[in-house]
Structures are given as C-alpha cells and as structure tokens.
Amino acid sequence: TPSVERVRDAIDAVDREIGRLVARRLELCRRVAEAKRAAGVPLRDAAREESVKARYLDTPGIDEGSARRLAESLIGLGLAAEGWDGEGAP
C-alpha cells in the first residue's frame, strides 16, 4: 500500500494543478468582465451561474453538497475578479 507521504505528495501535486487552473479561470473571468463592460451588459448572469453549478453537480465522484459548494466558491471568486460590487440580482 502507498505510504501516507506518497499519497500526500500526490495531493500536493493536485493542489498545485488546481491552483493553476483557478488562477487561469480568474484571468478568464477578468477578460469576460471587460467584454461585458464594453457591451454594456450586467456582470451577473443567473442562467450562466446555474449552468456552472449544474456542470459541477454532474461531476462524477463529487457529492452534491461538495459540488454545490465548489461551484458557488468558484462563482464567487469569479465575480470578485470581475469587480462585481455585490449590487444587483444574480
């Protein structure tokens, strides 16, 4: 069986990958915010947020509660990156 240390090393590698992917996602959120502002459309899009949540809920191996929390966290980070000030409905 793998040692605790080897499994932790694998977790650390996954965490680094997740960090890189989240940073990339946030950069893309900033870019989409620029496009939204240029087009004069609101930063929040309830339908898009629901589709993001649904995509995570369909992820194999993640229970519903965890998938929902993950999606909501990523949406919140994205809105912050976009400069959303908390005003207006989703």
Requested in this report: Decide whether L74 and V32 are clustered together by the hydrophobic rule: side chain heavy atoms of Ile, Leu, Val, Met, Phe, Trp, Tyr closer than 4.5 Å, transitively.
Outcome: no
Query raised in the report: Which residues pass the salt bridge (Lys or Arg N to Asp or Glu O under 4.0 Å) test with E34, sequence neighbours left out?
Result: none
Requested in this report: Report whether L70 and V14 are members of the same hydrophobic cluster (ILVMFWY, side-chain heavy atoms less than 4.5 Å apart, transitive linking).
Outcome: yes
Requested in this report: Drop me the distance from C29's SG to L43's CG, to the nearest 0.5 angstrom.
Outcome: 10.5 Å
Query - ILVMFWY clustering at 4.5 Å (side-chain atoms), partners of V7 - result: I11
**Report entry** Set of residues satisfying side chain to side chain contact (heavy atoms under 4.5 Å, CB included) with respect to R69, sequence neighbours excluded
**Finding:** S66
Report task. For residues E72 and E49, determine if any side-chain heavy atom of one lies less than 4.5 Å from a side-chain heavy atom of the other. Result -> no
Query raised in the report: salt bridge (charged side-chain N to carboxylate O under 4.0 Å, His left out): which pairs involve residues 10-23, sequence neighbours left out?
Result: none
Requested in this report: Determine whether more than 12 heavy atoms belonging to other residues, nucleotides or ligands lie under 6.0 Å from atom CZ of R31.
Outcome: no
Requested in this report: Sequence neighbours left out, what passes salt bridge (Lys or Arg N to Asp or Glu O under 4.0 Å) with R68? Give chain and number order.
Outcome: E64
Query raised in the report: Between the main-chain N or O of I62 and the side-chain N or O of T59, is there a donor-acceptor pair closer than 3.5 Å?
Result: no
**Report entry** V52: side chain to side chain contact (heavy atoms under 4.5 Å, CB included) partners, not counting sequence neighbours
**Finding:** R25, R48, R55, Y56, I75
Query raised in the report: In the hydrophobic cluster built from side-chain contacts under 4.5 Å, what are the other members alongside L28?
Result: none
Report summary line: With sequence neighbours left out, the residues meeting side chain to side chain contact (heavy atoms under 4.5 Å, CB included) with V4 are R8
Query raised in the report: Taking only residues two or more places apart in sequence, or in another chain, which ones meet L26 in a side chain to side chain contact (heavy atoms under 4.5 Å, CB included)?
Result: V22, R30, L77, A81
Query raised in the report: Are any of the side-chain nitrogens in K36 or E82 under 4.0 Å away from the carboxylate oxygens of its partner?
Result: yes
